[in-house]
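Source: prediction; values computed, not measured. Proteins get letters first, then strands, A, B, ... in listed order; numbering begins at 1 in each.
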Number of protein chains: 2
Amino acid sequence: MKLSFQDYISIKIHQTDLNLTKFIKSKLEDFNLAPEQNLIMMLLWEKDGLTQNQLAEKLDKDKTNIARMSSNLEKKGYIYRAHPKEDRRSLMLFLTDSGKELGERVIPVAEEFNDIVCKGISSDELIELERLLTKINQNVQEQ
Amino acid sequence: MKLSFQDYISIKIHQTDLNLTKFIKSKLEDFNLAPEQNLIMMLLWEKDGLTQNQLAEKLDKDKTNIARMSSNLEKKGYIYRAHPKEDRRSLMLFLTDSGKELGERVIPVAEEFNDIVCKGISSDELIELERLLTKINQNVQEQ
DNA sequence: AAGTAATTGTTGTTATAGCAACTATCGAGA
DNA sequence: TCTCGATAGTTGCTATAACAACAATTACTT
């Protein structure tokens, strides 16, 4: 059974992800915020004081990526980092005033983005989509 | 309506894509082939002699990515590149013997990968998944 | 208490991914 | 034919993404 190029669902998922990233990137350009940097900020806007290690777990990313993105966010002045007294190995991330102010402007953009993505898709369809993606994740992680 | 982090379908798609990439990367490691390099090879195994521009269109990628990946594949000895006489700006990619032989070993791995990804998902569900992803692609490209 | 394990973060490397600016070539119109 | 615009690739840059190797710190074990 020779599969053709477009038969692979993984390729379709990959292309969709690239399109989504390109779109959100253009939306965030005005805020001097890259897409993955925004994910860290989204978590901090919910509750700051998270360590890089906690961010790596929540975002399911390598700690090296979190370290570099955190460093960039610090350079941009949206956060500052501090070692907690209890464990001087860890680095906690805190929002600066600039970072807090940014949230008030970016969160509406993120929600607008989500509305556009989900336009014409019902709640049931969204749930089904999430279920199938979860199934695929399980399939590849069982290996 | 304040959305929480895990409510964004785009994040779920992104995570799934990363998991898929990580998985296929591990499968292709033995063949000295990176995931996106493999996509180029997949197209060439179907029919070689494509130009970099044609590959960029088919893979919906920036021409710079294709140029660099093609260069890497050439260094690895899987392809060679030649300017056609009709248009000396273009670069056509052709399989070497090593590249052809590689296909015989990698294509079964790719199909096995696809079987694992789709395990426990029916044809109807797969079609529905593709339909929803297509809808999302349309939604963000209409902007 | 001392030595070893494990944990947390950083740096270096490779591979995408896309934008801007550039070169070389081709094509179309005056 | 000459100019100019379009096309095809390349190089430089920034931003992910993951792995290996490393340093600093903490926790565990005896």
Side-chain angles (χ1 to χ4, degrees), chain A residues 10-11 14-29 31-41 50-76 81-93 140, chain B residues 10-11 14-29 31-41 50-76 81-93 140:
Chain A
S10 54
I11 292 175
H14 186 56
Q15 300 291 12
T16 306
D17 180 42
L18 290 180
N19 283 330
L20 286 167
T21 300
K22 199 190 294 186
F23 183 42
I24 190 65
K25 188 180 168 188
S26 70
K27 289 255 174 189
L28 292 175
E29 232 160 29
F31 304 104
N32 187 27
L33 206 52
E36 299 296 326
Q37 290 168 10
N38 182 50
L39 294 189
I40 291 180
M41 294 303 289
L50 295 171
T51 67
Q52 294 189 180
N53 200 47
Q54 287 172 320
L55 287 166
E57 275 179 18
K58 279 177 186 285
L59 294 172
D60 193 26
K61 282 190 202 308
D62 194 272
K63 56 189 178 170
T64 55
N65 302 321
I66 303 296
R68 286 183 177 115
M69 290 190 280
S70 299
S71 171
N72 284 334
L73 286 171
E74 198 172 43
K75 281 178 195 158
K76 291 179 180 180
R81 292 187 286 180
H83 291 281
K85 289 173 189 164
E86 320 85 70
D87 187 345
R88 291 190 3 242
R89 294 170 302 180
S90 297
L91 260 184
M92 292 170 79
L93 275 67
V140 297
Chain B
S10 54
I11 292 175
H14 185 58
Q15 300 291 11
T16 307
D17 180 43
L18 290 181
N19 283 330
L20 286 166
T21 300
K22 199 190 296 187
F23 184 42
I24 191 65
K25 188 179 169 190
S26 70
K27 289 253 175 193
L28 292 175
E29 233 160 29
F31 303 104
N32 188 26
L33 205 54
E36 299 296 325
Q37 291 169 8
N38 182 51
L39 294 189
I40 292 180
M41 294 303 289
L50 296 170
T51 67
Q52 293 189 181
N53 200 46
Q54 289 172 318
L55 288 166
E57 277 180 15
K58 280 175 187 285
L59 295 174
D60 192 27
K61 281 188 201 310
D62 193 272
K63 56 188 177 169
T64 55
N65 301 321
I66 303 295
R68 287 182 177 117
M69 290 190 280
S70 300
S71 171
N72 283 334
L73 286 170
E74 199 172 44
K75 280 179 196 159
K76 290 180 181 182
R81 292 187 287 180
H83 291 282
K85 288 173 188 165
E86 321 84 70
D87 186 346
R88 290 189 5 241
R89 293 170 302 178
S90 296
L91 260 185
M92 293 169 79
L93 276 66
V140 297

Which nucleotide in the list D:dT25, D:dG9, C:dT16 gets nearest to the side chain of A:Asp87?
-> D:dT25
Across the strands shown, which category fits B:Ser71 at heavy-atom distances under 4.0 angstrom: base, sugar-phosphate, nothing?
-> nothing
Pick out the pairs of N or O atoms, protein on one side and nucleotides 19-24 of chain D on the other, that lie under 3.5 Å.
{"unit_1": "D:dC19", "atom_1": "N4", "unit_2": "A:Thr64", "atom_2": "OG1", "d": "3.0"}

How long is the line joining CD of A:Glu86 and C1' of D:dA27, in whole Å?
-> 16 Å
When you match B:Ile66 and A:Asn32 each to their closest nucleotide on DNA chain D, which lands nearer the 5' end?
-> B:Ile66
Out of D:dA15, D:dA17, C:dG9, which has the shortest distance to the side chain of A:Gln52?
-> C:dG9
Donor-acceptor contact present, side-chain B:Glu74 to main-chain B:Arg81, <3.5 Å = yes
To the side chain of B:Ala67, which of C:dG9, D:dT10, D:dT16 is closest?
-> D:dT10
Using a 4.0 Å heavy-atom cut-off across all strands, classify B:His14 as base, sugar-phosphate, or nothing.
-> sugar-phosphate
So what does A:Leu18 hit on the nucleic acid, given a heavy-atom distance under 4.0 Å: a base, only sugar-phosphate, or nothing?
-> sugar-phosphate
Testing C:dG9, D:dA15, D:dA18 for proximity to the side chain of A:Gln37, the answer is D:dA15
In Watson-Crick or G-U wobble terms, both distances under 3.5 Å, what is the partner of C:dA5?
-> none
Could you tell me the separation between the CD atom of B:Glu57 and the OG1 atom of B:Thr51, rounded to the nearest 0.5 Å?
-> 8.0 Å
Of the nucleotides D:dA8, C:dG9, D:dA18, which one has an atom closest to the side chain of A:Ser90?
-> C:dG9
Using a distance-only test with no angle check, is there a side-chain donor-acceptor pair under 3.5 angstrom linking B:Thr64 and B:Asp62?
-> yes
